[in-house]
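Worksheet for the structure shown next.
Below, each value reflects all heavy atoms present in this structure, side chains not excepted, and no hydrogens, waters or symmetry copies. Everything numeric in this text was worked out from a predicted model, so none of it was measured.
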Number of protein chains: 2
Amino acid sequence: MLSQADQIITTLKSRGLRVTPQRFAVYANLLGRCDHPTADDILSDLNQDAPTSSQATVYSSLQALRGANLVREVLLEEGVCRYDANIGPHHHFRCQGCGAIADIPWETLSSLNLQTLSPHWQIEGYEVTVRGLCDRCQVG
Amino acid sequence: MLSQADQIITTLKSRGLRVTPQRFAVYANLLGRCDHPTADDILSDLNQDAPTSSQATVYSSLQALRGANLVREVLLEEGVCRYDANIGPHHHFRCQGCGAIADIPWETLSSLNLQTLSPHWQIEGYEVTVRGLCDRCQVG
DNA sequence: CCTAAAATCTAGAATTATTATAAAATCAGA
DNA sequence: TCTGATTTTATAATAATTCTAGATTTTAGG
């Protein structure tokens with residue numbers, strides 16, 4: 001029975017990544033979150049209780065994790081990249097009021113038929129971005 | 001029978017925008033394109049034959065056009081915002097090889113049932129991002 | 001046509017997110 | 001423990017975008 005720490009270490013190693021305290025911390029942070037943090041969000045969180053990583057290393061660790069397909073980027077906001085350890089197919093809801101982003105399970109919107117798109121494209125997947133207002137931003 | 005230039009002018013006025021050569025040029029440029037240019041792409045294009053606009057003004061014009069719902073942003077690439085004068089609902093294909101972006105007509109992927117999402121959300125729309133390889137990036 | 005007020009443009013400075021860099025530190029296998 | 005390769009660090013650099021104050025332009029009314 002592996003602890004979560006051991007699982008993370010095993011996972012990093014299995015993807016050919018050297019296990020450093022910073023990579024561990026970044027990945028553990030992302031695995032423990034439901035939101036989609038920016039690099040700066042992660043940095044602040046990591047260094048909350050103890051100096052864990054430099055800013056450059058957070059970026060570097062994120063790139064390594066992305067290269068290993070353990071983390072993906074989420075482009076739903078201008079000017080900044082957000083990250084997600086949930087790399088399985090899923091969709092997003094984006095609130096147009098406050099900007100909040102929520103995950104939508106894959107199956108919920110998995111009924112699209114992509115066969116009729118262009119015969120020139122080799123389709124590998126899709127995701128849906130739903131826009132609207134979250135409950136806090138709705139008026140009356 | 002209005003010329004295209006007159007149509008653009010009328011459109012800008014109808015949206016409460018002052019008609020300046022720069023706004024006209026930016027909007028005309030976007031209307032004449034099928035791709036999704038960056039602000040810099042637009043700037044280079046505009047100033048190709050004659051000095052038309054400064055960089056700051058291209059950004060400013062794009063913001064004004066967006067505020068008037070004549071132009072929308074497209075967030076499919078890290079680090080840069082792309083723009084589109086096609087503001088009707090439509091979807092995008094994104095090539096994972098070269099990064100090319102293509103429009104997909106709305107009706108093609110309009111069959112999603114959003115009723116089963118969260119009762120807390122007031123849904124206003126959705127768009128689908130399809131990923132794959134374009135014909136040029138596919139190998140043999 | 002003129003005028004004036006408001007809006008917009010300009011060009012360079014400033015800001016922000018991210019990447020580059022060279023030296024120091026660390027990882028992991030022998 | 002040693003060692004070579006990799007990673008981290010802190011700062012500089014870069015690129016996309018916004019800010020700013022003075023100059024210029026638009027536009028409505030006379």
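Residue whose closest nucleotide on DNA chain D sits further toward the 5' end, between B:Val19 and B:Gly79: B:Gly79. Residue order along DNA chain D, read from the 5' end via each residue's closest nucleotide, puts B:Ala39 first among B:Lys13 and B:Ala39.
A straight line from CZ of B:Arg82 to C1' of D:dA16 spans 13 Å, rounded to a whole angstrom. What separates CG of B:Leu12 from P of D:dT26 is a distance of 13 Å, to the nearest Å. Between the P atom of C:dA7 and the CD atom of B:Gln63 lies a distance of 18 Å, rounded to the nearest Å. Rounded to whole Å, the distance from OH on A:Tyr59 to P on C:dT16 is 12 Å. We find that OH of B:Tyr83 is positioned 12 Å from P of D:dA16, with the value rounded to whole Å. Note: CG (A:Asp40) to P (C:dT15) measures 17 Å, nearest angstrom. Atom CD in B:Glu78 sits about 14 Å away from atom C1' in D:dA15, given to the nearest Å. Across the protein-nucleic acid pair, A:Leu75 atom CG and D:dA16 atom P stand 15 Å apart, rounded to whole Å.
Residue A:Trp106 forms a ring-ring contact (aromatic ring centres under 6.0 Å, His included) with just one option from A:His92, A:His90, A:His91, and that option is A:His91.
A side-chain donor from one of B:Asp103 and B:His36 sits under 3.5 Å from a side-chain acceptor of the other.
Closest heavy-atom contact between B:Asn47 and B:Ser53: ND2-O, 2.9 Å.
Under the 4.0 Å criterion applied to side-chain N and carboxylate O atoms, B:Arg82 and B:Asp41 are assigned as salt-bridge partners.
Closest to the side chain of B:Ser60, out of D:dT8, C:dT19, C:dC9, is C:dC9. Closest contact between the side chain of B:Gln22 and the listed nucleotides C:dC9, C:dC27, D:dT26 involves C:dC9.
Grouping Ile, Leu, Val, Met, Phe, Trp and Tyr by side-chain contacts under 4.5 Å, direct or through others, puts A:Leu76 with A:Val74, A:Ile101.
A donor-acceptor contact under 3.5 Å links the side chain of B:Arg18 to the base of D:dT26.
Looking at residues 44-57 of chain B, you'll see B:Gln55, B:Ala56 sit with a heavy atom under 4.0 Å from some atom of DNA chain D.
A:Thr38 has no side-chain polar atom (N or O) that falls below the 4.0 Å cut-off from OP1 or OP2 of C:dA17.
Annotation: side chain of A:Trp121 is in contact with side chain of B:Ile104 (closest heavy-atom distance under 4.5 Å).
For B:Thr52 (side chain) and B:Leu46 (main-chain N/O), a donor-acceptor pair under 3.5 Å exists by modelled atom type.
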